[in-house]
Amino acid sequence: MLRLFIVTILLCASLSPVEAAQNARASLLIDFDPNSAAQTVIVESIAVDSKGMLYACDRVSGNVWRIDPKNPTLIVVGRVEEREIDGKKVRANVSGIAFNHAGDLFLTAGGFKEVLRLRGRDLNPEKPGVAQTFATETEGANGIAFDKNGNLYVSGGGNGRIYRTGPEGGRAEVFAQIAAHSRTLPDGKTQQSLTANGIVFDPQGTTLYVTDTARGAIWKVAIGADGRAAQPALMTQSSLLEGADGPAFDPQSNLWVAANERNAVVLVQPDGKVYDVQKNDSKGPLEFPTCVVFVGATAYVSNFDTPRRDNLAADGKSSIDGIGASIIKIDP
Ligand SMILES: [Ca+2]
Ligand SMILES: [Ca+2]
Ligand SMILES: [Ca+2]
């Protein structure tokens, strides 16, 4: 037993970070609806608080859940409510979710063209808080990130914009622009034109990384000392990145990206080289993954389970294979 342990340690020590990631084990953390594999729950992204708890917002029920990765059950701690707009019920359609340094939770609401906020004190299982408007004029609001000064950044999906507000929110301004691009997916009909999808800051909080789902690419937007954006620079483009979303840095400063179209999670080295970490067919554990977050060296990935490309079920039209909306854990 001890020998096995020592051999394992030596083996791990000799692995490169890429090999270690590729040898990591992917397993289910939580199935959002154990009674169904259909899209009864729709979760695009996960957030992590300072204690390593996970948070997710379901578009269908509007519930904001807290999930303890050590004891994974769904605890409702907040709510996102529908609105009546021009006589119709409109869902917030939350895509991105992130905490700021003060411990408040922010959610991008593409349905409202807004960013919503839940104060940390209102994330309460006894009396779940209701998310309120924080930033406006964020059309297509999708990814979300904060810089080291607490400014809020929001991606605009298909319009390629990166919006920004100060730490107090309010009307967003266009901070940077990823050039438009559209691509016909292998099904011959779906147009993929999301050029500004998931966003994340580097560990220094000074360069914003943008996943370009349409091109299968990563852009870097450096922020100068004057707070202005440099021209977006293409970091890398790869067929492995088709469907890129939900980026996160691992402890070695490699960027992990959910490649939703490919049912894969990929690793992008600082030099731009791209490798598959996990990839599988429509049966999972990855089912159209859309977001990666880290707690220590463990990656958590949310499954959106859209019926497309490598996630298309055996029936050729649904995503009913696998278990549906869920969170997957990738252990080092
Ligand atoms: Ca399920
Ligand atoms: Ca996204
Ligand atoms: Ca599925």
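Because the structure is predicted, anything quoted here is derived from the model rather than measured. Order of appearance sets the numbers: ligands from 1, and atoms from 1 within every ligand.
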Enquirer: Is it true that some N/O/S atom of Ser326, main chain or side chain, lies under 3.0 Å from the Ca ion (ligand 1)?
Expert: no
Enquirer: Mind checking whether Trp65 and Val43 have side chains closer than 4.5 Å, heavy atoms only?
Expert: yes
Enquirer: Calculate the angle formed at the Ca ion (ligand 3) by O in Asp321 and OD1 in Asp305; 10° precision is enough.
Expert: 170°
Enquirer: Please determine whether Asn311 has a backbone or side-chain N, O or S atom lying under 3.0 Å from the Ca ion (ligand 3).
Expert: no
Enquirer: Angle subtended at the Ca ion (ligand 2) by OE2 of Glu44 and OD2 of Asp245, to 10 degrees?
Expert: 90°
Enquirer: Any sub-3.5 Å donor-acceptor pair from Glu173's side-chain atoms to Arg164's backbone N or O?
Expert: no
Enquirer: Looking just at side-chain N and O atoms, do Asp147 and Tyr153 make a donor-acceptor pair shorter than 3.5 Å?
Expert: yes
Enquirer: For the Ca ion (ligand 1), decide whether Ala37 has an N, O or S atom at a distance under 3.0 Å.
Expert: no
Enquirer: Going by the ring-ring contact (aromatic ring centres under 6.0 Å, His included) test, name the single residue among Tyr55, Phe99, Phe134 that passes it with Phe106.
Expert: Phe134
Enquirer: Using a 6.0 Å cut-off, check whether atom CD of Glu82 has over 12 heavy atoms from anything other than its own residue.
Expert: yes
Enquirer: To the nearest 10°, how many degrees is the angle Asn142 OD1 to the Ca ion (ligand 2) to Asn197 OD1?
Expert: 80°
Enquirer: For Asp33 and Thr40, test the side chains for any donor-to-acceptor distance below 3.5 angstrom and give the result as yes or no.
Expert: yes
Enquirer: To make sure I understand the geometry: which N, O or S atom in Glu287 is closest to the Ca ion (ligand 3)?
Expert: OE1
Enquirer: For Ala264 versus Lys279, what's the shortest heavy-atom pair and its separation?
Expert: CB-CB, 4.0 Å
Enquirer: Of all the N, O or S atoms in Asp33, which has the shortest distance to the Ca ion (ligand 1)?
Expert: O
Enquirer: With respect to the Ca ion (ligand 1), what is the nearest N, O or S atom of Asp31?
Expert: OD1
